[in-house]
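Quick note: numbers below take in every heavy atom, side chains included, and nothing from hydrogens, waters or symmetry partners. The shown structure was predicted, so the numbers you read here are calculated from the model rather than taken from an experiment. Sequence lines set the chain letters: A, B, ... in the order given, protein chains first and strands last, and positions in each chain run from 1.
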Number of protein chains: 2
Amino acid sequence: MKRGVKNQIVKLLKERPGWHPTARIIYEHLKGKMPGLAFSSVYRALLALSSEKKIRGFTLDSEDEKRYEIYTKSHPHFKCTECGRVYDIDIDINLAFKELVEVHTGHIVKDVHITYFGICNECLRKKVKKIVKDNDV
Amino acid sequence: MKRGVKNQIVKLLKERPGWHPTARIIYEHLKGKMPGLAFSSVYRALLALSSEKKIRGFTLDSEDEKRYEIYTKSHPHFKCTECGRVYDIDIDINLAFKELVEVHTGHIVKDVHITYFGICNECLRKKVKKIVKDNDV
DNA sequence: ATTTGTGCAAATCCTTTGCAGATAA
DNA sequence: TTATCTGCAAAGGATTTGCACAAAT
């Protein structure tokens with residue numbers, strides 16, 4: 001392997017837990033250390049790593065680019081509708097209502113994807129600050 | 001309006017609750033009654049209807065085409081990993097764990113998207129039938 | 001020598017847009 | 001007339017693929 005795109009991607013994702021970059025963002029980050037890196041090589045590496053279950057690709061509703069994260073126990077995500085950031089939610093509610101759904105529908109549930117949308121604590125803080133300032137509280 | 005693509009789409013979606021067609025499938029269905037219908041007209045109508053909140057477009061993880069449904073109270077979906085069908089889950093668990101997530105993270109939750117993946121009751125029935133037959137039970 | 005990884009360009013696939021003509025108000 | 005809707009073709013944007021060459025085994 002010439003420069004090991006796959007290894008670089010895994011390293012990058014491990015270095016920043018809670019970070020959910022798109023292929024393009026990953027490409028931008030790697031291009032620094034790997035001059036001449038091709039976009040398609042990143043895609044190919046992402047495909048390979050996904051099928052090896054080293055990483056997980058996921059699409060958030062209303063987005064058109066896939067995001068990637070290190071493969072771990074599947075967990076919910078939270079997307080801030082103000083700043084766009086995506087957070088991991090580290091609460092184990094993944095098989096939420098599994099039994100209820102199974103009994104109610106007769107289907108068998110094997111996995112659940114949950115995404116919360118709202119305002120993240122950081123944007124919330126900014127909003128509050130602004131209100132306090134504007135109203136001279 | 002020449003032939004009312006928007007009205008046709010709403011009609012089509014209302015006729016079949018639990019049906020989550022993609023733009024292409026909607027186009028195929030309408031083309032019958034509307035010869036000469038352009039693909040782009042369907043897309044434009046879907047965009048308009050979505051922003052009017054008459055319909056809702058959503059993307060399921062690992063799919064690359066948007067699906068559409070009549071706009072109703074947001075609810076979970078179930079996708080069968082065998083046959084690919086997408087079902088509505090009519091159990092009110094949408095703001096599932098809202099408070100828990102808010103307290104735990106400090107974010108404010110405004111909406112939740114939940115998708116279950118597994119084997120639907122119909123595929124399950126077929127599997128069971130096959131097993132019964134193969135084993136001459 | 002054989003397999004695997006990579007860069008580059010071209011091709012796909014889904015979706016959006018520009019524009020001119022048709023329709024409705 | 002004025003605003004809206006349409007069809008058609010072209011453009012966009014993300015992802016995939018073919019191919020020849022480079023690198024590793």
Rounded interatomic separation in angstrom, taking [atom1] from [X] and [atom2] from [N]:
| X | N | atom1 | atom2 | value |
| --- | --- | --- | --- | --- |
| A/Met34 | D/dA23 | CE | P | 13 Å |
| B/Arg67 | C/dC14 | CZ | C1' | 14 Å |
| B/Lys31 | D/dC8 | NZ | P | 12 Å |
| B/Glu63 | D/dT15 | CD | C1' | 16 Å |
| A/Lys66 | C/dC13 | NZ | P | 16 Å |
| B/Phe58 | C/dT15 | CZ | P | 13 Å |
| B/Tyr27 | C/dC14 | OH | P | 14 Å |
| A/Leu37 | C/dC8 | CG | C1' | 12 Å |

Nearest to the [X] side chain among [options], which nucleotide is it?
| X | options | answer |
| --- | --- | --- |
| B/Asp64 | C/dC8, D/dG7, C/dC14 | C/dC14 |
| B/Leu47 | C/dT16, C/dG7, D/dG7 | C/dT16 |
| B/Glu65 | C/dT6, C/dG7, C/dC14 | C/dC14 |
| B/Ala23 | C/dT15, D/dT15, D/dG18 | C/dT15 |

### Message
In this structure, is the centre-to-centre distance between the rings of B/Phe117 and A/His113 below 6.0 Å?
### Response
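That pair passes the under 6.0 Å test.
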### Task
Flag this pair as yes if the NZ/CZ of B/Arg67 is under 6.0 angstrom from the six-membered ring centre of B/Phe58 and inside a 45 degree cone about the axis; otherwise no.
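Checked: cation-pi criterion not met.
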### Query
Are the side chain of A/His107 and the backbone N or O of A/Glu102 linked by a donor-acceptor pair below 3.5 Å?
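No.
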### Query
Taking OP1 and OP2 of C/dT16, is either one under 4.0 Å from a side-chain nitrogen or oxygen of B/Tyr43?
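B/Tyr43 to C/dT16 OP1/OP2: no side-chain N or O under 4.0 Å.
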### Task
Could you tell me whether the phosphate oxygens of C/dG7, OP1 or OP2, come under 4.0 Å of any side-chain nitrogen or oxygen in A/Ser40?
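The answer is no; no side-chain N or O of A/Ser40 sits under 4.0 Å from OP1 or OP2.
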### Task
Determine, for B/Arg85 against B/Glu122, whether the closest basic-nitrogen to carboxylate-oxygen distance falls under 4.0 angstrom.
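Yes, B/Arg85 and B/Glu122 are salt-bridged.
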### Query
For A/Ile91 and B/Phe97, what are the C-alpha separation, side-chain angles and deciding distance, and is it a side chain to side chain contact (heavy atoms under 4.5 Å, CB included)?
CA-CA 10 Å; A/Ile91 304 178; B/Phe97 301 104; 5.9 Å; no
### Message
Should the side chain of A/Arg24 and the base of D/dG13 be counted as holding a donor-acceptor pair, with the cut-off at 3.5 Å?
### Response
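No.
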### Nearest-nucleotide comparison on DNA chain C, the residue closer to the 5′ end among B/Arg44 and A/Phe39
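Taking each residue's closest nucleotide, the earlier one in sequence belongs to A/Phe39.
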